[in-house]
Amino acid sequence: MPPPPSGRSQFQKPADEAPQGPAWKEERGDAFGDSTVSSFVYNPWRHYSLDQQRQRLPIFKSRNSILYLLEKHQTVVVVGETGSGKTTQIPQYLLEAGWCKSPGMRIGITQPRRVAAITISQRVAEERGAPLGREVGYVVRFDDCSSPETKIKFITDGILVREMMADPLLKQYSVLMLDEAHERSIHTDIAMGLLRKILKKRDDLKVIVSSATLDAEALRDFFQSGPEGSPSATILTVEGRTFPVDVFYLNDPVANYMSATIDTILKIHRTQPLGDVLAFLTGQEEVDHVCQLLSEHSDGLERETGHRLTVVPLYGSLPPGDQLKAFELPPPKTRKIIVATNIAETSVTINGIVYVVDCGFVKIRAFNPLSGMDSLIIVATSRASAEQRAGRGGRNRPGKAYRLYTEDAFKSLEAATVPELQRTSLAPVILQLKALGVDNVLRFSYPAAPSAENMIQGMELLFGLGALDGEGALTEPLGLHMAELPLQPMLAKMVLGASEFQCTEEALSIAAMLQVENVFIKPARGEQKVNAERCRRKFSVLEGDHVTLLNVYAGFVKFGKSSQWCRQNFLHYKGLCRAVEIRRQLQKHLVKLKVRTSDTADRMEGALYDIDNIRRCIVSGFFANAAYLHPSGSYRTVRDDHELHIHPGSVLYAEKPPAWVVFNEVLQTTQEFMRDVTAIEPQWLYELAPHYYQYGTERQLSAKRAMEEA
DNA sequence: GAGCACTGC
C-alpha cells in the first residue's frame, strides 16, 4: 500500500453537525470545512521551453539511476505516480544514452489503450522536434505511423503480442517498456510471461515494467525467479507530481449508494468552494438516474448558493458528441458535476476535478468456466482502484475524496482488482500461446495463473473447434490460421470454414459486424422511435440477428457507404465504417493465409445469398453456444441445460421463438440473455460438430426431439 | 417489453 496522502487521524471526530446526509469520518481536515479557493493551474511550466520543461519533471532526478540500473539488471520495475513523466521521458533518456545505436534497434513502449499510444507518441515527437512517424512513431490496429528509422515506438500491448508471432525474440527491440502494467490487461500479462522466456534467450534485451506501488515486488519477483543465473530484476521508485487528496470515509455504511451519492454532491455544493465534482457509479442506468435527480435540484440550489450546477453523464456507450460535454469548461460561477462509470478511472482524464465521490463498487466482466458464459457483475472495488479514483481529484490542485463506505470496509477490500486473465475465457489466450510455440500452456509462467477449470474449458472448446488435436497441439492449417485472425475462436472458425458453405464473403461481413456494437440507433421515444423501428424491420429476417446484420452491411455497401443513408435508416455511420475497416483487415489476413475466398465470384453477381448455407456456417463456429426452446417458454443450453432468454435487442425477441438457436454471447443482467441469435435446425449440430455432440448430449438431443414431436 | 463496465488484435 502506498502511504496515504496525508497522516491518517487515529480517532474519529464527532459526526457532522448537518441534520441530513451521511456522517463522515475524516482522514485529515474537515470534510466540508472552509478553505480558500485556489485558481486553476494546468501547466505551470508552460512558459518554459520544452527542454526546460523536461528537466523540471520529477523523473529527471532519476535519470541517471534508471540508466545505471538498466546496465546492472535486465529488468527494472519503475514505480511512479501519475505526473512523474516516466512514460514520455524514459524512452528519450534511453535514446540519448545510446540504446538505439546498433542499426535497426529501437525502444518499444506498450500502452493498454490506443489513444494513449497515439497521444503520448505525439507528445514525445514534439519534444524531440521531429515529425511523428520518423524518429518517434506509433503502431496500433489499423494505424501504423512508424518507419524503418523509428527509434522510439509506442504500441498497444495487443500489437506487441502480435509482433511476437512474427518475431518470437523481438529482435528489433533493445529495450521494451511495459507501461501501466498494474492495470494487468490480458495482453500485458501474456507479454510479461513471454518476455520472461525471451529474456533468458536474449541477454542483450532490457525490460522496464512501469507499475503502481501495490504489485511492484510481485512483478520484480516474477522476473527474478527462475533457475540459477536467471536475469536479475530490481525496483526503482520515482516521485510523482500530484496534489494531496484528503480522503473521507463514512461513519456508518449506507444502504443505497445512489442516494448517498446525491446527498454527498448536494452537500459539497452547499459547503465547498467552487470546483468540479466527479462521481463514480457502476453503470449507465445508475448514472442516468442520478443525473436526472440532481438536475431536479439544480434551480433550487442556485437560489440557495448563488452557484449554478451543471450535471453531465459520462459512460462508454454515450455518443462521442455527448461524451465531450464532460470535458468542456463550465461557465463562470458554475460547478460541473460529472457522473461517470469506470471509464473515468483510467480511460479518460478530465481537468479541473477537485472533489471525487466514490460509491465503492464497479461493474466487471466475470467468466464462468463451467457454463462457458460471461456475465457482468457488480462487485466492491479494490484499494488500488479506490486510490486511483481519489487521485482523479488531485491533478490540478489539492482535492477531496468522499468514499461512500467506512474505513474498515476500505481496509477489508482486496488490494488490487483481479487480473483480466483470471476472469475471461482462456480459449483465445491458449490459441495465441500455442501459436507462439508454448506447448505446455498449463505450465506457462503467467504473472497470475488462471484456474484449472478455466484452462480445461478453453482447451475443450479449442478441441471442439478443431484448433487443437488430441494431443493438445495446434492443428495445421486450421488452428494456426485461427490464431492469426484477430477474432475470438468461434468467429475465426466460422470465417475460416465458410468456403465449405460457399459464403466466405458473407461470413466476413457478419464477423465484422459482430465486432461493432450499437449499429442500430434507438431514439428513446416519440415518432422517431417508431420510425427507427420501422427501418430496422426492413433489414430483419426471421432467421435471426446474424443475417439481419449481414443485410445492414450489404445495404451500407450497396448505397455507397453514405452517411445520409445511415441517418435515414437510423444506423450508426461510424460503427459501419469501422465494420468495413475490420472486414478489409480480415480479408487481408485470409489472402495472406491463402484461404480460399473466391466462392462468391462463383455465384451470380448480385444474387441473393443462400441463407441456409450461412446459418450452417454460423453453426460450424457456434455449435457450443446452442440452445433449445423449453416448454416453460425460455431456452436451455444443449450442453448443460442452463436457462437462457432471448435478449430484448434481438430481432427474434418479438417473434415466434424458434425451437433451436445458436447465439454469439450471453449477457447476465436481470436474467441471462442471449445476444445475437440465429435460428437453426438441430440436426446441423450433429452434422457439423459430431465430436462435440457425440456423447452424453446425444441422449438429451433425442429426448428433446421426442418431446418436440409429442 | 427490457437494457450493455472498459479495453484490444
Side-chain angles (χ1 to χ4, degrees), chain A residues 110-117 139-144 155-166 180 183-191 280-289 314-318 323 340-348 359 361-366 374-379 381 385 388 417 419-421 423-424 428-429 431-432 435 482-489 491-492 511-512 515-520 522 524 529 533 578 581-582 585-586 588-589 645-650 652-655 664-676:
Chain A
T110 70
Q111 292 292 323
R113 281 168 292 278
R114 289 164 52 97
V115 271
V139 180
V140 299
R141 188 182 190 183
F142 300 132
D143 197 357
D144 181 348
I155 56 179
T156 47
D157 49 14
I159 290 276
L160 179 66
V161 175
R162 290 278 156 183
E163 283 187 351
M164 288 176 175
M165 289 175 76
E180 312 282 3
E183 285 189 28
R184 305 302 297 274
S185 87
I186 201 159
H187 292 125
T188 304
D189 269 18
I190 295 173
F280 285 97
L281 291 170
T282 71
Q284 171 180 345
E285 201 182 336
E286 289 177 10
V287 168
D288 285 338
H289 184 65
L314 181 64
Y315 44 82
S317 58
L318 213 58
Q323 277 191 17
T341 61
N342 224 26
I343 192 172
E345 190 180 303
T346 49
S347 302
V348 300
C359 76
F361 288 89
V362 63
K363 200 181 281 187
I364 60 161
R365 185 185 287 275
D374 262 333
S375 52
L376 286 170
I377 52 171
I378 293 172
V379 296
T381 50
S385 194
Q388 175 75 17
T417 311
E420 195 185 358
L421 192 68
R423 50 188 172 86
T424 52
V429 178
L431 195 61
Q432 295 282 301
M482 280 172 65
E484 288 279 339
L485 284 189
L487 289 175
Q488 58 119 322
L491 267 179
Q515 310 301 299
V516 182
E517 36 193 297
N518 304 327
V519 185
F520 297 103
K522 287 174 194 153
K529 186 181 172 180
E533 268 162 27
R578 197 176 130 74
E581 188 73 46
I582 290 171
Q585 189 195 19
L586 294 175
K588 224 168 84 185
H589 273 103
H645 303 264
I646 291 183
H647 193 279
S650 168
L652 293 176
Y653 184 75
E655 305 295 334
N664 185 42
E665 61 177 351
V666 172
L667 195 78
Q668 186 181 353
T669 49
T670 51
Q671 289 176 317
E672 293 188 47
F673 290 107
M674 301 180 276
R675 289 174 73 188
D676 295 314

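Below, read A as the first sequence line, B as the second, and so on, with proteins coming before strands; counting in each chain starts at 1. These numbers come from the heavy atoms of this one structure, side chains and all, not from hydrogens, waters or symmetry mates.
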Check: What does Ile186(A) touch in the nucleic acid at a heavy-atom separation under 4.0 angstrom: a base, only the sugar-phosphate, or nothing?
Finding: nothing
Checklist line | Check: Tyr315(A)/Asp288(A) side-chain N/O donor and acceptor closer than 3.5 Å | finding: yes
Next item on the list: Choose from dA5(B), dG8(B), dC4(B) the nucleotide whose nearest atom is closest to any side-chain atom of Arg675(A).
Entry: dC4(B)
Note to self: Holding to ring-ring contact (aromatic ring centres under 6.0 Å, His included), I want the full list of residues that pass it with His647(A), two or more places apart in sequence or in another chain.
What the structure shows: Phe673(A)
Item checked: d(CD1, Ile190(A); P, dC9(B)) in whole Å -> 13 Å
Notebook entry, point to check: Below 4.0 angstrom from OP1 or OP2 of dT7(B), is there any side-chain N or O of Thr156(A)?
Noted result: no
Check: Given dG1(B), dC6(B), dG8(B), which nucleotide is nearest the side-chain atoms of His187(A)?
Finding: dG8(B)
Next item on the list: Calculate the interatomic distance between Asp288(A) atom CG and dA2(B) atom C1'; express it in whole Å.
Entry: 15 Å
Note to self: Could you check whether Lys363(A) pairs with Glu285(A) (Lys NZ or Arg NE/NH1/NH2 to Asp/Glu carboxylate O, under 4.0 Å)?
What the structure shows: no
Next item on the list: Just compare dT7(B), dA5(B), dC9(B) and give me whichever is closest to any side-chain atom of Ser347(A).
Entry: dT7(B)
Notebook entry, point to check: Over how many whole Å does the gap from Leu431(A) atom CG to dC9(B) atom P extend?
Noted result: 17 Å
Note to self: Rounded to whole Å, how long is the line connecting atom CD of Gln432(A) with atom C1' of dG8(B)?
What the structure shows: 11 Å
Note to self: Distance check needed: dT7(B) P versus Arg162(A) CZ, whole Å only.
What the structure shows: 20 Å
Next item on the list: Mind checking Gln515(A) for me? I need base, sugar-phosphate or nothing, with any heavy atom below 4.0 Å counting as a touch.
Entry: base
Next item on the list: Assign each of Gln488(A) and Val362(A) to its nearest nucleotide of DNA chain B by heavy atoms, then name whichever residue's nucleotide is nearer the 5' end.
Entry: Val362(A)
Note to self: The side chain of Arg114(A) is closest to which nucleotide in this list: dC4(B), dG1(B), dG8(B)?
What the structure shows: dG8(B)
Notebook entry, point to check: Nearest to the side chain of Lys529(A), which nucleotide is it out of dG8(B), dC6(B), dA2(B)?
Noted result: dA2(B)
Checklist line | Value in whole Å for how far the P atom of dC9(B) lies from CD of Gln585(A) | finding: 9 Å
Next item on the list: Taking only the side-chain heavy atoms of Arg423(A) (C-beta and beyond), determine which of dC9(B), dT7(B), dA5(B) contains the nearest atom.
Entry: dA5(B)
Next item on the list: Name the nucleic acid region contacted by Arg365(A), choosing base, sugar-phosphate or nothing; use a 4.0 angstrom heavy-atom cut-off, strictly under.
Entry: base
Check: Val140(A) has a side chain; which of dC9(B), dA2(B), dT7(B) sits nearest to it?
Finding: dC9(B)
Next item on the list: Whole angstrom is fine here: how far is it from CG in Leu318(A) over to P in dC4(B)?
Entry: 16 Å
Check: Looking at the side chain of Lys363(A), which of dC9(B), dA5(B), dA2(B) is the nearest nucleotide?
Finding: dA5(B)
Check: Nearest to the side chain of Leu667(A) - dC4(B), dG8(B), dG1(B)?
Finding: dC4(B)
Next item on the list: Please work out if Tyr315(A) contacts a base, only the sugar-phosphate, or nothing of the nucleic acid, heavy-atom cut-off 4.0 Å.
Entry: sugar-phosphate
Checklist line | Side-chain donor-acceptor contact under 3.5 Å, Glu345(A) with Ser385(A) | finding: yes
Item checked: First of Arg578(A) and Asn342(A) reached from the 5' end of DNA chain B, by closest nucleotide -> Asn342(A)
Next item on the list: Ignoring backbone atoms, test whether Thr341(A) places a side-chain nitrogen or oxygen under 4.0 Å from the OP1 or OP2 oxygen of dC6(B).
Entry: yes
Next item on the list: Mind calculating the distance between CD (Gln284(A)) and C1' (dC6(B)) to the nearest angstrom?
Entry: 14 Å
Notebook entry, point to check: Got a second to check how far His187(A)'s NE2 is from Thr110(A)'s OG1, nearest 0.5 Å?
Noted result: 11.5 Å
Check: Does Phe142(A) reach the side chain of Arg578(A), with side-chain heavy atoms less than 4.5 Å apart?
Finding: yes
